[in-house]
Visitor: 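Quick one: structure below, then a few questions.
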Amino acid sequence: MSNYTRYRLLLIIVCFASLLFLYYVYFTGEKVPLDVRERFFQNEYLDPQLDPSLRPIGNVRAALVVLTRNEDLTEILRTMKQFESRWNRRYNYPYIFLNDAEFNQRFKDRTSAATRAKTFYGTIPQEMWSYPSWINQTKAAEARDQMVKDKIIYGGSESYRHMCRFYSGFFFHHQLLKKYDYYWRIEPGVKYNCDINYDPFAFMQKYKIKYGFTLSLAEYRSTIPTLWDTVRDFMDEYPNLINPNNFTRWISDDDLDSYNLCHFWSNFEIGDLNFWRSEAYTKFFNYLDKAGGFFYERWGDAPVHSIAAALFLEKSDVHFFNDIAYRHEPFEHCPPEPRYHISGNCQCNVSENFDMHWYSCTKKWFEI
Ligand SMILES: Nc1nc2c(ncn2[C@@H]2O[C@H](COP(=O)(O)OP(=O)(O)O)[C@@H](O)[C@H]2O)c(=O)[nH]1
Ligand SMILES: *[C@@H]1O[C@H](CO)[C@@H](O)[C@H](O)[C@H]1NC(C)=O
Ligand SMILES: *[C@@H]1O[C@H](CO)[C@@H](O)[C@H](O)[C@H]1NC(C)=O
Ligand SMILES: *[C@@H]1O[C@H](CO)[C@@H](O)[C@H](O)[C@H]1NC(C)=O
Ligand SMILES: [Mg+2]
């Protein structure tokens with residue numbers, strides 16, 4: 001063969017290979033979203049702020065979920081005012097207010113006047129906010145007394161425990177949330193200190209993200225003495241429910257021997273409701289609920305959600321919303337990158353950003 005023929009042959013092979021490659025890229029449809037997602041996690045240029053496709057006007061089946069009491073009216077109005085001007089006035093996602101008691105007319109009037117979006121008001125059904133039959137209430141009361149003596153935060157509170165159990169196991173089944181796929185949890189008094197110039201719900205949907213957070217930290221060990229043992233028992237009983245690509249190395253430093261107390265701070269959550277409605281999570285919650293730690297101890301929904309995410313999801317299913325500035329006393333996430341401060345007209349102080357604080361688990365999130 002002459003050199004010339006050899007080159008022609010090579011050229012033909014290269015052309016053929018390219019065609020095959022293009023065919024693969026365009027016609028193996030399933031693979032494309034994952035590919036996009038991997039690129040997102042590898043390259044900063046796919047920043048949600050810069051993706052124009054994330055600026056539809058609020059067309060995701062999503063809602064803002066606010067569990068609150070009538071007494072929190074002033075605080076929720078303050079939060080809504082800022083949240084509307086920083087974000088939702090451009091998207092108009094509906095608010096769903098939930099309460100264990102009836103909302104009064106003043107609460108409904110004032111909150112619905114604070115937004116152009118729809119507002120819904122729901123009372124929590126009793127079975128979502130009461131003691132299950134298998135709980136020994138004498139034992140629960142004794143445990144609360146002991147926690148008061150030990151000065152554990154909210155240690156004596158029954159309502160706080162119902163709240164934690166509600167957020168752990170029930171809010172996503174509430175009638176008013178039935179038609180939604182995504183939620184954003186908002187608490188009275190929280191602050192959003194930069195503009196958000198895209199639709200985080202659209203982002204979640206496009207990249208198939210299941211859970212989003214801004215702050216993470218360590219839980220008080222005294223509120224969850226037996227939680228980890230219960231989780232370990234669950235894992236022994238249901239090994240097939242654990243994700244082979246789980247990120248438990250974020251929540252355990254010793255190969256699952258113990259829990260390092262890391263959790264996403266759940267007062268901010270943007271999440272996929274269908275994750276909490278999944279079979280794996282349902283089994284997990286029921287298992288924990290049977291063990292009684294929501295009442296005999298003071299298990300929080302934050303460690304419960306976070307441990308579940310670490311077991312059932314993989315790291316790329318979870319997104320750190322770095323660009324969303326968020327404050328829930330006494331901690332704040334303030335994005336350190338100047339470009340967010342410019343695009344978001346931020347009013348937060350980077351030197352008070354909690355991420356690199358020793359008590360934060362966000363540093364570890366980047367390490368794993
Ligand atoms: N309706 C109602 N909401 C509650 C109750 N306890 C807490 N919440 C809500 O649950 C969320 C968490 O409570 P919060 O007091 O902020 O707890 P913390 O953030 O852990 O200090 C907030 O949205 C509260 O408004 C309660 O007894 N009834
Ligand atoms: C409930 O707990 C109390 C206090 O721990 C205990 O004395 C009692 O026997 C328990 N009751 C039942 C039915 O287990
Ligand atoms: C959990 O993830 C680790 C990798 O981080 C993996 O080695 C382990 O097998 C997974 N566990 C299960 C039960 O699949
Ligand atoms: C930001 O926070 C630091 C540390 O708390 C403080 O010293 C500084 O004055 C603050 N800057 C502004 C502009 O508030
Ligand atoms: Mg709070």
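One-based numbering, in listed order, for ligands and for the atoms of each. Computed from a prediction, not measured in an experiment: that's the story for all the values here.
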Visitor: What is the closest protein heavy atom to atom 4 (C) of ligand 4, and at what distance does it sit?
Guide: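 Protein heavy atom at minimum distance: S351 OG, 3.7 Å.
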Visitor: Are D253 and N260 linked by a side-chain donor-acceptor pair shorter than 3.5 Å?
Guide: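 The criterion, which ignores hydrogens and geometry beyond distance, is satisfied for N260 and D253.
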Visitor: Output the list of atoms in ligand 2 that are nearer than 4.0 Å to some heavy atom of N136, sorted by atom number.
Guide: 1 (C), 2 (O), 3 (C), 8 (C), 10 (C), 11 (N), 12 (C), 14 (O)
Visitor: Considering only protein heavy atoms, determine whether one is less than 4.0 Å from atom 2 (O) of ligand 3.
Guide: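 Given the 4.0 Å limit, the answer for atom 2 (O) of ligand 3 is yes, a protein heavy atom qualifies.
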Visitor: Please report which non-hydrogen protein atom sits nearest to atom 5 (O) of ligand 4, along with the residue it belongs to and the distance in Å to one decimal place.
Guide: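 Result: E352 OE2, 3.2 Å.
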Visitor: Can a salt bridge be assigned to the pair R90 and D195 using a cut-off of 4.0 Å between side-chain N and carboxylate O?
Guide: no
Visitor: Return a yes/no value for N246: is any of its N or O atoms, backbone included, closer than 3.5 angstrom to an N or O of ligand 3?
Guide: yes
Visitor: Under 3.5 Å, is there a donor on one side chain and an acceptor on the other for W276 and Y183?
Guide: yes
Visitor: Going by the order shown, which atoms of ligand 3 are within less than 4.0 Å of some heavy atom of I242?
Guide: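 So the answer, numbered in order with elements, is 12 (C), 13 (C).
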Visitor: Mind checking whether T138 has an N or O less than 3.5 Å away from an N or O of ligand 2?
Guide: no
Visitor: Rounded to the nearest 0.5 Å, what separation is found between the CG atom of D301 and the CG atom of L67?
Guide: 9.5 Å
Visitor: Would you mind listing which atoms of ligand 3 come within a distance below 4.0 Å of any non-hydrogen atom of R249?
Guide: 5 (O)
Visitor: Applying side-chain contact (heavy atoms from CB on, under 4.5 Å) between F172 and each of L273, V65, N274, report the one that passes.
Guide: L273
Visitor: For atom 12 (C) of ligand 4, what's the nearest protein heavy atom and its distance?
Guide: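 Protein heavy atom at minimum distance: N349 ND2, 3.3 Å.
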Visitor: Given N193, which of E332, Q347, R327, H333 fulfils the side chain to side chain donor-acceptor pair (under 3.5 Å) condition?
Guide: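 That would be E332; it is the only one of E332, Q347, R327, H333 passing the side chain to side chain donor-acceptor pair (under 3.5 Å) with N193.
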Visitor: Quick check with a 6.0 Å cut-off and a 45 degree axis cone: is K363 positioned over the face of W358's six-membered ring?
Guide: no
Visitor: Using distance alone, with no hydrogens and no angle criterion, decide if Y287 and D233 have a side-chain donor and acceptor under 3.5 Å apart.
Guide: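 Absent: no donor and acceptor within the cut-off.
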Visitor: Can you tell me which residue and heavy atom of the protein come closest to atom 7 (O) of ligand 3, and the distance to 0.1 Å?
Guide: P244 O, 5.0 Å
Visitor: Flag atom 9 (O) of ligand 2 as yes if some protein heavy-atom distance to it falls below 4.0 Å, otherwise no.
Guide: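 It does not: no protein heavy atom is found less than 4.0 Å away from atom 9 (O) of ligand 2.
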